[in-house]
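Inspection log for the structure reproduced underneath, given as structure tokens.
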Amino acid sequence: MNSMNPSPEVEAVETPLLSVVIPCYNEEEVIGETMKRLKAFCSGLVNLDVELIFVDDGSSDRTRELLKSFAAEDSRIRLIGFARNFGHQIAVTAGVDAACGDAVVLIDADLQDPPEVVHEMIAKWREGYDVVYGTRIERPGESAFKLATARGFYRLLNLLSDVSIPLDTGDFRLMSRQVADALRAMPERDRFVRGMVSWVGFKQTALPYKRAERFAGESKWPLRKMLRFAIDGILSFSTKPLQMSVDLGMLCASLALAGILYAMGLRLFTNIWVEGWTALMIAVLFIGGVQLICVGILGEYIGRIYSEVKHRPLYIVQEYLGFNQAGPAMSRSPVVVKK
Ligand code: UDP
Ligand code: MG
């Protein structure tokens, strides 16, 4: 057929679709309010259809039940119920995998990212940007400790990695279809979504917004999880720690060499010599410590390789609800590496 002459069906312009991905973990106190705010947001959309994809990350409270009742009332609501808790980054990934929209928005369930800001993101997207990420100009209700560590972490990450990841940016963002597809083609297990989105490129822009306080409930990120997340961020985006461990080893070896030469020099050319075992002990402990650190860094990378080669699925879905067929239209194709 003549491909230059598209059939009328193709020519008919469909309303673009916006997919909003909302990861939820034990959010029973907030989810009702979130639903209200999201619905209000949806009714303000002009010339844009919407699907709300809630990902229940294995909540142990009534979150799933509440989400199911919302989904029963509204055909725009979809639910992906995980078989257990897989973590925020994986929940977001599942949402992006299932999203069919021309643009995909990631937003937290606790209303810290105000849904109203998404209107501004959409405006930027219509201007032609592929990624619009929210940067926080204010973060009320967060401890000074969290703010300071977050800042330090992003500085360190940018120092260590080759992709520049914007400061004060979380996962609250809008992505075009192309970027969402690029993200879906990245099969890695240790996911640091904001870094991965920076990495893909395209036209990206920041949108400053005031981060609100959590509406109710508690943060689901204890210090241990934050630390793990930070390590994931650094190790997934940089092999500099490996180079640094080599540098550190060289430094120690040259210090030791200098010490040996010094001691030998004293012994050969003077009547005094280095005495005692204290210096020896310190040297042994120091080198031993450095070796352990280096082996530990190596171990982190090897652990990652191990978990990658196992090729397990990133997440296990217990139930899909509100999608057209049995599941989402497009499911993650297992590890297809596009060249
Ligand atoms: N979340 C999740 N799985 C987890 C932890 C958190 O899906 O294991 C969700 C949580 O329900 C919320 C979002 O991720 O919608 C951000 O979590 P939280 O508000 O606890 O993080 P913070 O804002 O304190 O960084
Ligand atoms: Mg929060």
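The first residue in the sequence is number 1, and the count goes up from there. Small disclaimer: the values here were computed from a predicted structure and weren't measured. In each ligand, atom 1 is the first atom listed, and ligand 1 is the first ligand listed.
Taking the six-membered ring for Trp and the full ring otherwise, Phe54 and Phe70 have centroids separated by 6.0 Å or more.
A cation-pi arrangement is absent between Arg84 and Phe82, since the terminal nitrogen or guanidinium carbon is not both under 6.0 Å from the aromatic centre and inside a 45° cone about the axis.
When only non-hydrogen protein atoms are considered, atom 23 (O) of ligand 1 lies nearest to Gln112 OE1, 2.5 Å. Taking atom 14 (O) of ligand 1 as the reference point, the nearest protein heavy-atom neighbour is His88 CD2, 2.9 Å. At the shortest separation from atom 18 (P) of ligand 1 among protein heavy atoms lies Arg214 NH2, 3.5 Å. Nearest protein heavy-atom neighbour of atom 21 (O) of ligand 1: Trp221 CD1, 2.7 Å. The shortest contact between atom 8 (O) of ligand 1 and any protein heavy atom is with Asn85 ND2, 3.1 Å. Looking only at protein heavy atoms, the nearest one to atom 20 (O) of ligand 1 is Lys220 N, 2.5 Å. Among all protein heavy atoms, the one lying closest to atom 19 (O) of ligand 1 is Asp110 OD2, 2.5 Å. From the protein, the heavy atom lying nearest to atom 9 (C) of ligand 1 is Pro23 O, 3.7 Å.
Residue Asn26 holds its CG atom at 8.0 Å from CG of Asp56, rounded to the nearest 0.5 Å. Distance check: Asp102 CG to Trp125 CH2 gives 5.5 Å after rounding to the nearest 0.5 Å. Between Leu207 atom CG and Glu120 atom CD the span is 5.0 Å, to the nearest 0.5 Å.
Checking only distances, Ala109 does come within under 3.5 Å of ligand 1, N or O to N or O.
Considering Asn26, Asp108, Asp57 only, the shortest heavy-atom separation from atom 16 (C) of ligand 1 involves Asp108.
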Please tabulate, for the side chains in residues 40-49, all donor-acceptor contacts under 3.5 angstrom to protein atoms that are two or more places apart in sequence or on a different chain.
from	atom 1	to	atom 2	distance (Å)
Ser43	OG	Lys39	O	3.4
Ser43	OG	Ala40	O	2.8

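Under a 4.0 Å criterion applied to the non-hydrogen atoms of Glu27, ligand 1 contributes the atoms 10 (C), 11 (O), 12 (C), 15 (O). Atoms of ligand 1 lying under 4.0 Å from at least one heavy atom of Arg211, given by number and element, are 23 (O).
In this structure, Gln89 has no heavy atom closer than 4.0 Å to ligand 1.
Restricting Asp110 to its N, O or S atoms, the one at the least distance from the Mg ion (ligand 2) is OD2.
Between Glu65 and Arg62 there is a salt bridge, since at least one side-chain N of the basic residue sits less than 4.0 Å from a carboxylate O of the acidic one.
Annotation for Arg312: atom CZ does not count as buried by contact number, only 12 or fewer foreign heavy atoms lying within 6.0 Å.
Side chains of Tyr209 and Asp113: a donor-acceptor N/O pair is present below 3.5 angstrom, by distance only.
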